[in-house]
Amino acid sequence: MTDKRVLMIAYHYPPVRTSSGIQRTLKFSEYLRDHHWEPMILTVSPRAYEAVSNDQMGEIPAGMVVERAFGLDTARHLSLKGRYLRWMAQPDRWVSWWPMGVIRGMQLIRRYRPKAIFATFPIATAPMIGLTLHRLSGLPLVLDFRDGMTEPGYPVNPSTWKIHRRLESRLIAACSRAIFTTRATRDMYAERYPDKPASCWAVIENGFDEDNFRDAEQGLDTRRLGPEGQMVLVHSGVLYPAERDPRAFFAALQAMKRAGEISAASLRIVLRATGTDDYYSKLLAEYGIDDIVVIEPVVAYRSALQEMMRADGLLLFQAAACNKQIPAKLYEYARAGKPIIALTDFAGNTAGTLNTLQAPWIADITDAAQIREMLGTIIARWKAGTLQGVERQLADTCSRRSRTAELARLLDSLPA
């Protein structure tokens, strides 16, 4: 057993059922042992999750320490008729996790004597726990920001923005390393906090896990999702109403349907696990395209990967407000080998990564006419049998194993 242990604090960890965001910490913990680091996980009790599933519990490495500290969801457990005071959900709805997270974390530190603390977003209570443990123990703190914690106009609520910015400042002041998933976000933080040395800032992109795909390929139904003559496009995972606003896409479909260019018999679009199903159900009815676009519930991760591999195309949404970010599902889409149909901003990191992967189908997420034109071309190419996905050799550059090797090197570089 190695004496190089790292305490990893993460809200998203099995058995939570969510989109691809869970994979980052799970795969780091699975593969760090290959680099002589022994991870220990500090997460929240499963009752804090809105949905749970055991489908990825088997991927937690055998014998690895996993501590689940008490925590509640303010919106579900501490509200009265769905209402609660804003301070009860700052910096987020899971702030009740903080006290027991600190207590359990200190117990782990005293027992196992890790060399570092690693805390990951997007749930802000996780790095807040990490900050407290750092101050109590003196251990180096590594923050996996992924995306920016604050940006102009994000979070939208002014008081939440101020709370997050204060927390962010304290975190940056205390950390030894800050990790982001894109260079643009890293550069933004380096400019925002010029007193931190260049060695503080790091980029480790998201990726896909080859073992998960190989498992999903076992017993995979090789038939297409749709019947003969019907093209099926899938969006897999959370579809944020603001950050991934699909209304221009819906308008394009509405215009195409009215013009007789598409119908429910020729095109089916699956929105899988949107996170706001009621909102989109009403919106689809208003646009009159609820016969073409269907909303489907969360499924096991393996099933989600299988659906990606059986679809005719995979939809990606990312608004200009998120230009410094790249959806984690992009890398899984690339490995699935199906055409990626991206609605985003051409100046953003998402478009840049797609260009690197030679995925050409990109349209302005706000431009219904442009989206309509692109969809028409894509449908024609699909009918002609000339629509292609990302080449495998390009997709392979985005594996989770290679990302974990980058994290191990970063941990090795920490001050003793």
Side-chain angles (χ1 to χ4, degrees), residues 153 182 184 226 230-264 266-272 274 276 279-280 283-295 308 311-327 329-331 333-334 336 338-390:
T182 68
Q230 184 191 62
M231 185 181 192
V232 179
L233 306 179
V234 171
H235 180 272
S236 187
V238 179
L239 190 59
Y240 301 108
E243 295 88 344
R244 297 172 182 173
D245 186 356
R247 285 177 297 173
F249 175 66
F250 293 165
L253 295 175
Q254 180 187 56
M256 295 176 78
K257 179 181 176 181
R258 287 175 175 174
E261 298 167 6
I262 59 172
S263 67
S266 66
L267 180 65
R268 179 180 176 86
I269 295 170
V270 177
L271 303 181
R272 173 71 64 186
T274 70
T276 47
Y279 168 74
Y280 286 120
L283 207 56
L284 292 171
E286 291 175 7
Y287 279 93
I289 55 173
D290 50 354
D291 58 333
I292 293 174
V293 184
V294 296
I295 296 173
M308 291 180 199
D312 296 308
L314 300 169
L315 289 163
L316 193 71
F317 297 84
Q318 191 80 330
C322 301
N323 270 358
K324 294 181 175 65
Q325 304 168 16
I326 301 173
K329 65 173 62 67
L330 185 155
Y331 305 97
Y333 281 5
K338 299 298 181 175
I340 300 174
I341 301 163
L343 309 181
T344 187
D345 181 66
F346 288 96
N349 278 236
T350 296
T353 299
L354 289 167
N355 288 330
T356 299
L357 293 171
Q358 298 178 20
W361 304 110
I362 305 173
D364 184 340
I365 190 173
T366 66
D367 190 331
Q370 188 179 121
I371 294 170
R372 178 181 179 180
E373 181 180 359
M374 183 178 74
L375 285 176
T377 303
I378 288 170
I379 292 171
R381 291 281 296 269
W382 176 73
K383 289 178 179 178
T386 59
L387 197 61
Q388 302 294 324
V390 173

Review point. Would you say Leu375 and Ile262 make side-chain contact, with heavy atoms under 4.5 Å?
Key: no
Exercise for review: Could you tell me whether the side chain of Leu284 reaches within less than 4.5 Å of the side chain of Ile295, counting heavy atoms only?
Suggested key: yes
Practice item. Considering non-hydrogen atoms only, spot the tightest contact between Met308 and Tyr333 and give its length. Key: SD-CD1, 3.9 Å
**Study point:** Contacts of type side chain to side chain donor-acceptor pair (under 3.5 Å), residue Arg268, not counting sequence neighbours
**Key:** none
Review point. Got a second to check how far Asp290's CG is from Phe250's CZ, nearest 0.5 Å?
Key: 10.5 Å
**Study point:** side chain to side chain donor-acceptor pair (under 3.5 Å) partners for Arg381, two or more places apart
**Key:** Thr386
Check your understanding: Is there any salt bridge (Lys or Arg N to Asp or Glu O under 4.0 Å) pair reaching into residues 243-254, and which pairs are they, with sequence neighbours excluded?
Key -> Asp245-Arg247
Study note, to complete from the structure: Shortest non-hydrogen pair, Val390 vs Ile340, comes out as CG2-CD1, 4.0 Å
Practice item. Verify, without hydrogens or angle tests, whether Ser236 (side chain) and Arg272 (backbone) share a donor-acceptor contact under 3.5 angstrom. Key: no
Review point. Can you list the residues that meet the side chain to side chain donor-acceptor pair (under 3.5 Å) rule with Asp291, with sequence neighbours excluded?
Key: Lys257
Exercise for review: First locate atom CG of Leu316, then atom NE2 of His235, and finally report the distance between them rounded to the nearest 0.5 Å.
Suggested key: 6.5 Å
Check your understanding: Roughly how far apart are Met256 CE and Glu373 CD, rounded to 0.5 Å?
Key -> 10.5 Å
Revision key, fill the gap. Looking only at heavy atoms, the pair that brings Pro241 and Thr276 closest together is CG-OG1, 3.9 Å
Review point. What residues form a side-chain contact (heavy atoms from CB on, under 4.5 Å) with Pro360, not counting sequence neighbours?
Key: none
Study note, to complete from the structure: Sorted by chain and number, sequence neighbours left out, side chain to side chain donor-acceptor pair (under 3.5 Å) with Thr344 holds for none
Please tabulate, one pair per line, all N/O donor-acceptor pairs under 3.5 Å involving side-chain atoms of residues 346-354, not counting sequence neighbours.
from	atom 1	to	atom 2	distance (Å)
Asn349	ND2	Asn323	O	3.1
Thr350	OG1	Gln325	O	3.0
Thr353	OG1	Asn349	O	3.1

**Study point:** Minimum-distance pair of heavy atoms, taken over all atoms of Ala368 and Ala252
**Key:** O-CB, 3.4 Å
Practice item. Indicate the atoms forming the closest heavy-atom contact of Gln254 with Glu286, along with that distance. Key: NE2-O, 4.3 Å
Revision key, fill the gap. Sequence neighbours excluded, the answer for salt bridge (charged side-chain N to carboxylate O under 4.0 Å, His left out) partners of Asp312 is Arg224
Check your understanding: Is the shortest heavy-atom distance from the side chain of Leu233 to the side chain of Ile378 under 4.5 Å?
Key -> no
Review point. Who passes ring-ring contact (aromatic ring centres under 6.0 Å, His included) against Phe249, sequence neighbours left out?
Key: Phe317
Review point. Residues in side-chain contact (heavy atoms from CB on, under 4.5 Å) with Ala259, at least two apart?
Key: Glu261, Arg372
Check your understanding: Are the side chain of Tyr280 and the backbone of Val294 linked by a donor-acceptor contact shorter than 3.5 Å?
Key -> no
Point to revise | side chain to side chain contact (heavy atoms under 4.5 Å, CB included) between Ile269 and Ile289, intermediate numbers included | key: CA-CA 10 Å; Ile269 295 170; Ile289 55 173; over 6 Å; no
Review point. What's the shortest heavy-atom distance between Met231 and Leu387, and which atoms?
Key: CE-CD2, 3.7 Å
Check your understanding: Which residues pass the side-chain contact (heavy atoms from CB on, under 4.5 Å) test with Ala311, sequence neighbours left out?
Key -> Leu225, Val234, Leu314
Check your understanding: What side chain to side chain donor-acceptor pair (under 3.5 Å) pairs are there with at least one residue in residues 355-364, not counting sequence neighbours?
Key -> Asp364-Thr366
Review point. Roughly how far, to the nearest 0.5 Å, is the OH atom of Tyr279 from the OG1 atom of Thr274?
Key: 10.5 Å
